[in-house]
Protein chains: 2
Amino acid sequence: MKEDRQRAVLTLVATRPVHSQEELVALLQRQGFDVTQATVSRDIKELGLAKVPIRENGGDIFKYVVPSAAVNYVSRLHRAVAELVSSVEGSVNMIVLRTPPGSAMLVASAIDEAGWPEVLGTMGGDDTVLTVVRSPEEMPVIKQRFLDLKGSTAA
Amino acid sequence: MKEDRQRAVLTLVATRPVHSQEELVALLQRQGFDVTQATVSRDIKELGLAKVPIRENGGDIFKYVVPSAAVNYVSRLHRAVAELVSSVEGSVNMIVLRTPPGSAMLVASAIDEAGWPEVLGTMGGDDTVLTVVRSPEEMPVIKQRFLDLKGSTAA
DNA sequence: GCGGTGTATGCATAAATATACCTACCATGA
DNA sequence: TCATGGTAGGTATATTTATGCATACACCGC
């Protein structure tokens, strides 16, 4: 019952723009699911559906979409840096992160996956990660971003 | 000013979980941006930030994230099917879509990108797209999904 | 300088969404 | 059978988010 309904929700949002939970309620009722907005709100949370602004015709509106890998990338990076990085140093257009032995590759791949546009590339050795930033001017910004990531658990 | 603030918003949500717009207001004010929730709401819309439910510790909560490629996949497929597909026919475990000459490959690649699990693969010729569904039972479901996509602009 | 046009943003509030609380409905085991 | 615990979901409401309207400011052409 609940499972069927949630499958229907996934199909609906995958096949047309659904702009609000009330709209989803109406679509579900047309399929025989007799539910209220409260239940849909819970379904959305359980399914992990995201509400995103999109351009449609002229204006900006919202729609619900299935969750993306990008979400996980961000939190993977967050965890990796917060748990593994012990120091962050910058020089010219590079940033050097220190990790416990053996973890550097893991951190480097998380950084790569995050796909920050200011970062040209990242290499992981054994206990050292080297991140190359596009320009020296941007280096401090990215360095600070690593420090934020590192600190946001402790803080 | 606005641009700086929006850059700050991106950095904030990229580096820590931000659970509500009010929280973002507080974080921005700590950095000297004196704004209200209304402005943040508009920034979020302009930046395309998505609000997604995530698991954190025990409970489920929400956070804002940068938009993902997955979102674009869905709307690319939506546009492609709505604008280009003229007919949808199914047979056993296959669905045949007709398009204007030369557009079939475009539609096929959008379907592939969408990564529907029921679809084994898709080929695009000149004006014909062939989609192979995992089983004959699922074919009508997928066919309907295409019809929904096709209709959701006109409807 | 002055009216006109466009953009940014606050304020107040509407609209949308989440949730505390309650009830109903199993399933299980004493 | 009854008590207990766990899940689903509605109702009412709190919380959060979006937006209509008004203002302020900058940039133009006259």
Side-chain angles (χ1 to χ4, degrees), chain A residues 1-14 16-68 71 75, chain B residues 1-14 16-68 71 74-75 152:
Chain A
M1 181 82 280
K2 177 182 175 184
E3 209 173 308
D4 286 352
R5 186 187 61 240
Q6 294 194 341
R7 218 191 326 275
V9 169
L10 283 178
T11 301
L12 284 169
V13 302
R16 83 191 66 197
V18 177
H19 306 104
S20 71
Q21 297 185 2
E22 290 295 354
E23 181 176 341
L24 202 42
V25 168
L27 291 167
L28 285 169
Q29 289 185 338
R30 210 189 294 169
Q31 299 192 13
F33 295 101
D34 194 358
V35 285
T36 63
Q37 174 267 326
T39 298
V40 168
S41 172
R42 293 174 184 125
D43 284 343
I44 282 173
K45 185 175 269 195
E46 287 172 24
L47 292 168
L49 296 188
K51 186 191 188 190
V52 298
I54 56 168
R55 294 205 82 66
E56 194 176 271
N57 327 325
D60 282 327
I61 51 179
F62 290 86
K63 91 179 188 189
Y64 286 93
V65 300
V66 292
S68 74
V71 175
S75 50
Chain B
M1 181 80 278
K2 178 182 176 185
E3 209 174 307
D4 286 351
R5 186 187 63 239
Q6 294 194 341
R7 219 191 325 277
V9 168
L10 283 177
T11 301
L12 284 168
V13 303
R16 83 192 66 199
V18 176
H19 305 104
S20 72
Q21 297 185 3
E22 289 295 354
E23 181 176 341
L24 202 42
V25 168
L27 291 168
L28 285 169
Q29 289 185 339
R30 210 188 294 169
Q31 299 191 15
F33 296 101
D34 194 358
V35 284
T36 62
Q37 172 266 328
T39 297
V40 168
S41 171
R42 293 173 183 126
D43 284 344
I44 282 173
K45 186 175 272 196
E46 287 171 23
L47 293 169
L49 296 188
K51 186 190 187 191
V52 298
I54 57 168
R55 294 205 81 67
E56 193 176 271
N57 326 326
D60 282 327
I61 50 179
F62 290 85
K63 91 179 188 192
Y64 286 92
V65 301
V66 293
S68 73
V71 174
V74 173
S75 50
S152 60

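Note on naming: letters A, B, ... go to the chains in the order of the sequence lines (proteins, then strands), and numbering restarts at 1 for each one.
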Check nucleotides 22-25 of chain C against the protein and report each pair of N or O atoms closer than 3.5 Å, with its distance, or say if there are none.
none

Quiz item: Heavy-atom contacts under 4.0 Å between residues 30-37 of chain B and DNA chain C, which residues?
Solution: D34(B), V35(B), T36(B)

Quiz item: When we call it a touch if two heavy atoms are under 4.0 Å apart, what does S41(B) touch: a base, just sugar-phosphate, or nothing?
Solution: base

Quiz prompt | Partner of V9(B) by side-chain contact (heavy atoms from CB on, under 4.5 Å), out of L49(B), V18(B), V40(B) | solution = L49(B)

Quiz item: Taking atom types as modelled, is there a side-chain donor on Q21(A) or Q37(A) under 3.5 Å from an acceptor on the other?
Solution: yes

Practice problem: Specify the separation, in whole Å, of atom CG of L49(B) and atom P of dA18(D). | Solution: 11 Å

Quiz item: Quick one: is dG9(D) close enough that its OP1 or OP2 comes under 4.0 Å of any side-chain N or O from R5(A)?
Solution: yes

Quiz prompt | Listed partners of R5(A) passing salt bridge (Lys or Arg N to Asp or Glu O under 4.0 Å), at least two apart | solution = D43(A)

Quiz item: Do K51(B) and K63(B) come within less than 4.5 Å of each other through their side chains, counting heavy atoms only?
Solution: no

Quiz item: Who are the side-chain hydrogen bond (donor to acceptor under 3.5 Å, both in side chains) partners of E23(A), not counting sequence neighbours?
Solution: H19(A)

Short heteroatom pairs, N/O only, protein and nucleotides 21-26 of chain D, under 3.5 Å:
none

Quiz item: Taking the side chain of K51(A) as heavy atoms from C-beta outward, which of dG9(D), dT9(C), dA16(C) is closest to it?
Solution: dA16(C)

Quiz item: Taking CZ from F62(A) and C1' from dT16(D), how many angstroms apart are they, rounded to a whole number?
Solution: 12 Å

Exercise. Could you check if a side-chain atom of I44(A) sits within less than 4.5 angstrom of a side-chain atom of L24(A), using non-hydrogen atoms only?
Key: yes

Quiz item: Would you say T39(B) reaches dA8(C)'s phosphate, i.e. side-chain N/O to OP1/OP2 under 4.0 Å?
Solution: no

Quiz item: Between dA16(C) atom C1' and K45(B) atom NZ, what is the distance in whole Å?
Solution: 12 Å

Quiz item: In whole Å, what is the span from the CD atom of Q21(B) to the C1' atom of dA18(C)?
Solution: 14 Å

Enumerate, atom names and distances included, each donor-acceptor pair closer than 3.5 Å involving a side-chain atom of residues 28-35 of chain B, sequence neighbours excluded.
| from | atom 1 | to | atom 2 | distance (Å) |
| --- | --- | --- | --- | --- |
| Q29(B) | NE2 | V35(B) | O | 3.1 |

